[in-house]
Amino acid sequence: MLEEVLVEKSVDINQASLEELDRLPGIGPALGQRIIDYREQNNGFYDIEEIMEVSGIGEKTFQKLEPYIYVG
């Protein structure tokens, strides 16, 4: 049951809107836009760790995001 709840709350970082990204822990509108810009310039993300290539997202922010993001 818990697993289903996490899946429902997960965000595909290759599809998410700015509004969806903004709801993630540690991500505001500016960082959300950088994620979208990176995604568009690099034909999407291949795995969730790649999000750390986005300026402003380091190890600590990634650890907060990890339970909530996936690449579809």
task = For the residue pair D37 and Q41, confirm or rule out a side-chain donor-acceptor distance under 3.5 Å.
result = no
ask   = Short question: side chain of N42, backbone of F45 - any donor-acceptor pair under 3.5 Å?
value = no
query = Looking only at heavy atoms, which two atoms of V11 and L21 are closest? And how far apart?
reply = CG1-CD2, 4.5 Å
ask   = Is Y68 close to I13 at the side-chain level, that is, under 4.5 Å between some pair of heavy atoms?
value = no
task = Looking only at non-hydrogen atoms, find the nearest pair between S10 and P67 and report the distance.
result = OG-O, 4.0 Å
message = Using 0.5 Å steps for rounding, measure from the CD1 atom of I69 to the NZ atom of K64.
response = 13.0 Å
request  = Please say which of I35, I27, T61 ends up in a side-chain contact (heavy atoms from CB on, under 4.5 Å) with I51.
outcome  = I35
ask   = Say you draw a straight line from CG of N43 to OH of Y38; how long is it, rounded to the nearest 0.5 Å?
value = 10.5 Å
message = Tell me if a side-chain donor or acceptor on D22 pairs with a main-chain N or O of L18 at a distance below 3.5 Å.
response = no
query = Would you say E20's side chain and S17's backbone share a donor-acceptor pair under 3.5 angstrom?
reply = yes
request  = Please confirm whether the backbone N or O of S55 pairs with a side-chain atom of R34, one donor and one acceptor, at under 3.5 Å?
outcome  = yes
request  = For the residue pair N14 and R39, establish whether any side-chain heavy-atom pair is separated by less than 4.5 Å.
outcome  = yes
query = Is there a donor-acceptor pair closer than 3.5 Å between any side-chain N or O of D12 and the backbone N or O of G72?
reply = yes
message = Nearest 0.5 Å, please: how far is CD in E66 from CG in L24?
response = 13.0 Å
query = Counting distance only, does the side-chain N/O of Q33 pair as donor-acceptor with the main-chain N or O of P29 below 3.5 Å?
reply = no
